[in-house]
Amino acid sequence: MQTLGTATAAPGEIDTGRLEAGETRDGSPFGLPVAVINGAKPGKTLYVQAVSDGDELNGLGVLQRLVPQLDPAELSGTILLVGIVNYHGFQIAQHRNPIDDTKMNRAFPGDENGTSSERIAGAVYGAASRADLILDLHQGSTSRMINEVRVRCGRHHRLHSECLELAKVFGCGYILDQKGPDGQLARVAPNEGIPTVDPELGGSVGFDEESIELGVKGIYNVLYYYDFLEGDGEYTAQTRAKGFDQYGAPAGGLVSFQKDLGERVSPGDTLFEITSTFGEPKATITADNSGVFWRSRRLPQVASGEYVCSVGTDVDRY
Ligand SMILES: [Zn+2]
């Protein structure tokens, strides 16, 4: 038997249920939606979670599409799924957990007696730490972003090559290989010997079809490569960035971009221009370093100092 919260599945079975994670403000208990897919044959355990950030729905779109396709009779090993981690943020389509105004992905490994985010992180980490591999499905929030996979353990970590391999197998086309901030699942779990990555499935308001398709394909690539399923995935060289330059607005106004997502950037190339309400030029911002145009704000209006776009730097093929 494989169990996650109230979901229990014998070999060759699938079950869904709830993972108890605390109480809401009206005193009702709440549980995160979970599923267990127990393969007919023994094998590894894969843990996948989505909606750690409450406005990032593409990962949920992936799980909705993936689970009905998977046949436990054909599976070796177990897949543990948490469909919605940031329970409170999801209810109001907000990035952070509104109960403590915290990003869930700064609260791992969590604490059962801690803040709201730490308690939820602790509940899901109990399941994640049982796995051999972890996928934490994210996206570039509601900004526009390329599809990429993040390796967050840092390049000097003992599990770095295993995490990088998992990122390459998932295969979104791009990898950001840069140590993440404290409290990220993909930073914490490798310390326990579990290869972990954050697939970042584009950036959208609501569902984005292309990124969801890439996410489904990425999980199938993982299932084939690590012998959960018989067959072959599609594995290709990835474009890896090891640095990340962020550009802000030197002046307030309206932004117009001169680069598209995924486009190569050379030092001195114009990234964006800022114009006034009546179209007068105010500023032209050029790239400091070469790289790939990675992420950009969605709305054109900016205040001075506000985030505008990012360029992935120190790029190679891996
Ligand atoms: Zn995220």
Side-chain angles (χ1 to χ4, degrees), residues 58 138-156 160-161 163-165 167-181 186 197-205 208 210-211 213-215 218 234-276 279-318:
N58 282 339
H138 282 261
Q139 66 189 53
S141 185
T142 56
S143 298
R144 298 173 63 247
M145 195 167 81
I146 59 173
N147 299 290
E148 44 122 327
V149 181
R150 294 191 174 179
V151 175
R152 293 310 227 166
C153 63
R155 292 194 294 281
H156 300 297
H160 177 255
S161 60
C163 293
L164 192 58
E165 185 179 23
K168 186 176 176 179
V169 165
F170 195 93
C172 274
Y174 294 93
I175 292 172
L176 180 66
D177 186 6
Q178 188 187 51
K179 190 172 185 178
V197 296
D198 292 351
E200 296 274 347
L201 303 170
S204 65
V205 179
D208 177 72
E210 184 192 329
S211 295
E213 283 289 334
L214 264 175
E234 274 180 48
Y235 311 107
T236 55
Q238 305 286 298
T239 299
R240 173 173 68 161
K242 290 180 283 199
F244 211 43
D245 285 347
Q246 299 209 45
Y247 292 86
L254 290 311
V255 172
S256 54
F257 290 103
Q258 303 300 313
K259 292 284 181 184
D260 278 333
L261 295 181
E263 205 174 322
R264 286 281 174 164
V265 170
S266 298
D269 284 0
T270 297
L271 296 174
F272 61 93
E273 289 166 345
I274 298 175
T275 50
S276 74
E280 301 148 297
K282 292 189 74 176
T284 299
I285 289 72
T286 58
D288 297 328
N289 300 300
S290 62
V292 173
F293 195 73
W294 204 271
R295 177 179 180 169
S296 66
R297 62 183 291 107
R298 187 171 297 276
L299 294 173
Q301 67 271 37
V302 286
S304 55
E306 193 167 9
Y307 171 80
V308 177
C309 67
S310 308
V311 174
T313 61
D314 201 359
V315 171
D316 61 8
R317 292 285 284 172
Y318 183 83

Enquirer: If you apply the rule salt bridge (Lys or Arg N to Asp or Glu O under 4.0 Å), what do you find for Lys242 with Asp316, and how did you get there?
Expert: CA-CA 9 Å; Lys242 290 180 283 199; Asp316 61 8; 3.6 Å; yes
Enquirer: Kindly give the heavy-atom pair with the smallest separation between Thr275 and Pro281, and that separation in Å.
Expert: CG2-CA, 4.1 Å
Enquirer: Show your reasoning for whether side chain to side chain contact (heavy atoms under 4.5 Å, CB included) applies to Leu201 and Met145.
Expert: CA-CA 8 Å; Leu201 303 170; Met145 195 167 81; over 6 Å; no
Enquirer: Going from CD1 on Ile175 to SG on Cys163, what distance comes out if it is rounded to the nearest 0.5 angstrom?
Expert: 11.0 Å
Enquirer: Evaluate Glu165 against Val151 for side chain to side chain contact (heavy atoms under 4.5 Å, CB included), listing each step before the verdict.
Expert: CA-CA 10 Å; Glu165 185 179 23; Val151 175; over 6 Å; no
Enquirer: Heavy atoms only: give me the nearest Gly312-Phe244 pair and the separation to one decimal.
Expert: CA-CD1, 4.1 Å
Enquirer: Return the minimal non-hydrogen interatomic distance between Ser296 and Tyr307, and the atom names on each side.
Expert: N-OH, 4.5 Å
Enquirer: Looking at CG of Leu214 and CD of Glu200, how far apart are the two atoms once the value is rounded to the nearest 0.5 Å?
Expert: 13.5 Å
Enquirer: So for atom CD, which belongs to Glu210, do other residues, nucleotides or ligands contribute more than 12 heavy atoms lying within a distance under 6.0 Å?
Expert: no
Enquirer: Just by distance, no angles: are the side chains of His138 and Asn58 close enough, under 3.5 Å, to form a donor-acceptor pair?
Expert: no
Enquirer: Quick one: do Asp177 and Arg152 make a salt bridge, cutoff under 4.0 Å?
Expert: no
Enquirer: Work out which heavy atom in Phe170 is nearest to a heavy atom in Gly215; give both atom names and the distance.
Expert: CZ-O, 3.6 Å
Enquirer: Does CD belonging to Glu234 count more than 12 external heavy atoms closer than 6.0 Å?
Expert: no
Enquirer: Hey, could you give me the CG/CD1 distance between Leu254 and Ile274, rounded to the nearest 0.5 Å?
Expert: 9.5 Å
Enquirer: Please report the interatomic distance OG(Ser310) to OH(Tyr247), rounded to the nearest 0.5 Å.
Expert: 9.5 Å
Enquirer: Compare every heavy atom of Asp314 with every heavy atom of Gly243, then report the nearest pair and how far apart it is.
Expert: N-CB, 4.2 Å
Enquirer: Any non-hydrogen side-chain atom of Arg264 less than 4.5 Å from a side-chain atom of Val292?
Expert: yes
Enquirer: Kindly indicate whether the side chain of Arg155, heavy atoms from C-beta on, has any atom under 4.5 Å from the side chain of Lys179.
Expert: no
Enquirer: Hey, does the Lys NZ or Arg CZ of Lys259 hover above the aromatic six-ring of Phe272, less than 6.0 Å from the centre and inside 45° of the axis?
Expert: no
Enquirer: Taking atom types as modelled and ignoring hydrogens, do the side chains of Asn147 and Ser211 form a donor-acceptor contact shorter than 3.5 angstrom?
Expert: yes
Enquirer: Which residue pairs pass the salt bridge (charged side-chain N to carboxylate O under 4.0 Å, His left out) test when at least one of the two sits in residues 282-303, sequence neighbours left out?
Expert: Arg297-Glu306
Enquirer: Check the pair Trp294 / Leu176 against side chain to side chain contact (heavy atoms under 4.5 Å, CB included), numbers first and verdict last.
Expert: CA-CA 10 Å; Trp294 204 271; Leu176 180 66; 4.0 Å; yes
Enquirer: Quick one: are Gln238 and Tyr174 in side-chain contact, heavy atoms under 4.5 Å?
Expert: no
Enquirer: Just how far is it from atom OG1 of Thr270 to atom CD1 of Ile285, taken to the nearest 0.5 Å?
Expert: 9.0 Å
Enquirer: So Ser266 and Asp269, side chain to side chain contact (heavy atoms under 4.5 Å, CB included) or not? Walk me through it.
Expert: CA-CA 6 Å; Ser266 298; Asp269 284 0; 3.7 Å; yes
Enquirer: What's the spacing between Glu148 CD and Cys172 SG if we round to 0.5 Å?
Expert: 8.0 Å
Enquirer: Pick from Val308, Val265, Thr286: which one makes a side chain to side chain contact (heavy atoms under 4.5 Å, CB included) with Leu271?
Expert: Val265
